[in-house]
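Comments concern the structure below.
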Number of protein chains: 2
Amino acid sequence: MDTTQRTDQQRSADRRRRELLEAADRVVLRDGPQASMNAIAAEAGITKPILYRHFGDKGGLYAALAKRHTDALLDSLRAALDAPADRRERVEATLDTYLTAIEARPQVYRFLMHPAEGGQPGDQGFDVGKHSAPLLRRMGEELAQVIEERLDLGPGGQRLARVWGHGIVGMMHAAGDWWLGERPCSRAELVRSLADLLWGRLAAAGDRVGGPGF
Amino acid sequence: MDTTQRTDQQRSADRRRRELLEAADRVVLRDGPQASMNAIAAEAGITKPILYRHFGDKGGLYAALAKRHTDALLDSLRAALDAPADRRERVEATLDTYLTAIEARPQVYRFLMHPAEGGQPGDQGFDVGKHSAPLLRRMGEELAQVIEERLDLGPGGQRLARVWGHGIVGMMHAAGDWWLGERPCSRAELVRSLADLLWGRLAAAGDRVGGPGF
DNA sequence: AGACTGGTGTTACCGCAAGTAACATGCGCG
DNA sequence: CGCGCATGTTACTTGCGGTAACACCAGTCT
């Protein structure tokens, strides 16, 4: 009966939601992760309660916002990971894609990685550990799946793939974070160094003169 | 002249400071990173302004608190890294030390890794990127130094060592964070899997049947 | 002794941000 | 027309970081 009506309303609601998210995006891009709800509402040309009606609370808005960027980044990474090239080249392309992304929009990156969620609603502490860095977790799981699908790791390969997925993502993240702050070398060199690490150069390196090696 | 006096005062101030830090420690251990200054002051049996006199602001308190734990953890890691054993054993021991530490006190770990600092003093945004996760940075630099000291990496070895230091620390961190949340395997297995990754098993693994490998 | 200094402690307040009523308004529909 | 119903508002509460302003209690200097 009211199917069309409901659809219309829902459509308009979705449109509003998207507009609000874009406004929030602009504010986050400008102010970083500590953007206030008031600022976002003002940027959207409305007032706070509307935001709360759409997203529940600040965490909801942040989650919706993060999902957009996370999905976009994951798409890029998937593309690099699936390109027709040999393993090493694909690993390097994926690393480069990630680093290029965080380099292009550090504010967004900061928002995704360090949401700085306080959580002072009365007595309820935040769900520690679950909500911390969803992007890292998703990337880790995704990479784990690719590894497990494509590589023959023998018995226990599934668990191994998950460990590696999260480990590699963490390596990429930490190195990228540090690199973004200090810029100690070019992006290409960073990519090559990390790939070398993954390719076992740590184990292959010789000891230095004068003592047992690391 | 007033050397002894100043010393006395300083000593008592230091004692107070330590007491306050211990109280803060207890609160953080109980409430996680979002512990409030009021709660910490109450736990210490005093009121807020004293905390501010001692530590300046919340960031100061957090920094002092983080330094304690960071130093302690780094000492453990250094010990594991310097043990008399071959390279692989030492890497595994270091990984295991880290994982044991975060397993023993996850609240402290959360506090160190995700301080959740907002920074709303007026117009000034937070120093993004510099203050984010000092522990990770310090661990990365430290490991880089060890690598550079002990391994012969040829030309450009210093930059390579720094990249690897931060990358390995990030790998350890992300894998540990994920493992702490999901407990997908034993600690020993995680350690072995990560060491395998560093030892180049990713590059050495064979492709799976039916397509080009990862 | 009495004024001075300096650290310890307090209460009471400001500013700000999250989140929430409670009230207003425009629109389709019987 | 009145009835829902979503959209929007103002005005408020709560809680936190941070800061005066004032009170107390030691030693010190003259």
Side-chain angles (χ1 to χ4, degrees), chain A residues 1-20 23-24 27-28 31-63 65 115-126, chain B residues 1-20 23-24 27-28 31-63 65 115-126:
Chain A
M1 50 142 173
D2 53 359
T3 321
T4 63
Q5 183 195 4
R6 276 259 306 265
T7 306
D8 279 6
Q9 286 176 184
Q10 198 165 320
R11 236 205 295 258
S12 106
D14 279 9
R15 251 191 48 218
R16 270 288 182 278
R17 188 187 167 90
R18 222 163 283 169
E19 290 172 13
L20 299 185
V27 176
V28 166
D31 297 354
Q34 72 273 12
S36 82
M37 294 297 265
N38 260 323
I40 294 173
E43 172 70 30
I46 51 158
T47 50
K48 269 192 302 176
I50 306 179
L51 285 181
Y52 284 95
R53 278 222 257 272
H54 273 275
F55 301 103
D57 62 349
K58 189 171 192 165
L61 204 181
Y62 274 26
L65 206 50
E117 25 211 2
Q120 71 263 27
D123 47 359
Q124 178 234 13
F126 206 65
Chain B
M1 48 144 173
D2 53 357
T3 320
T4 62
Q5 181 197 6
R6 277 262 305 268
T7 306
D8 278 6
Q9 285 176 183
Q10 197 165 319
R11 235 204 297 255
S12 107
D14 279 9
R15 251 191 49 216
R16 267 289 181 279
R17 191 187 165 91
R18 222 163 283 170
E19 289 172 14
L20 298 185
V27 177
V28 166
D31 297 354
Q34 73 273 12
S36 81
M37 294 297 265
N38 260 323
I40 293 172
E43 171 70 30
I46 50 156
T47 49
K48 270 192 302 177
I50 305 179
L51 285 181
Y52 285 94
R53 277 221 259 270
H54 274 275
F55 301 103
D57 61 349
K58 190 171 191 168
L61 204 181
Y62 275 26
L65 206 49
E117 25 210 3
Q120 70 264 24
D123 47 357
Q124 177 234 16
F126 206 64

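Protein chains get the first letters and strands the later ones, always in sequence-line order, with residue 1 at the start of each.
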What does the inter-axis angle of the helix from C/dA1-D/dT30 to C/dG30-D/dC1 come out as, five pairs per end, nearest 10 degrees? 30°
[X] side, atom [atom1]; [Y] side, atom [atom2] - distance, nearest 0.5 Å:
X: B/Leu61; Y: B/Met37; atom1: CG; atom2: CE; result: 5.0 Å
X: B/Lys58; Y: B/Leu65; atom1: NZ; atom2: CG; result: 11.5 Å
X: B/Leu20; Y: B/Glu43; atom1: CG; atom2: CD; result: 11.0 Å
X: B/Lys48; Y: B/Arg53; atom1: NZ; atom2: CZ; result: 13.5 Å
X: A/Glu19; Y: A/Arg16; atom1: CD; atom2: CZ; result: 5.0 Å
X: A/Ile50; Y: A/Arg17; atom1: CD1; atom2: CZ; result: 14.5 Å

Atom NZ of A/Lys58 and atom C1' of C/dT20: how far apart are they, to the nearest Å? 16 Å
Would you kindly give the CD-to-P distance between B/Gln34 and D/dG15, to the nearest whole Å? 15 Å
Considering only heavy atoms, which members of residues 47-55 of chain B lie under 4.0 Å from some atom of DNA chain C? B/Thr47, B/Pro49, B/Ile50, B/Arg53
Please confirm whether the shortest side-chain N or O distance from A/Arg16 to OP1 or OP2 of D/dG8 is below 4.0 Å. yes
Give a yes or no on whether the backbone of A/Asp57 and the side-chain of A/Tyr62 come within a donor-acceptor separation of less than 3.5 Å. no
Return whichever of B/Gly56 or A/Gly45 has its heavy-atom-nearest nucleotide of DNA chain D closer to the 5' end. A/Gly45
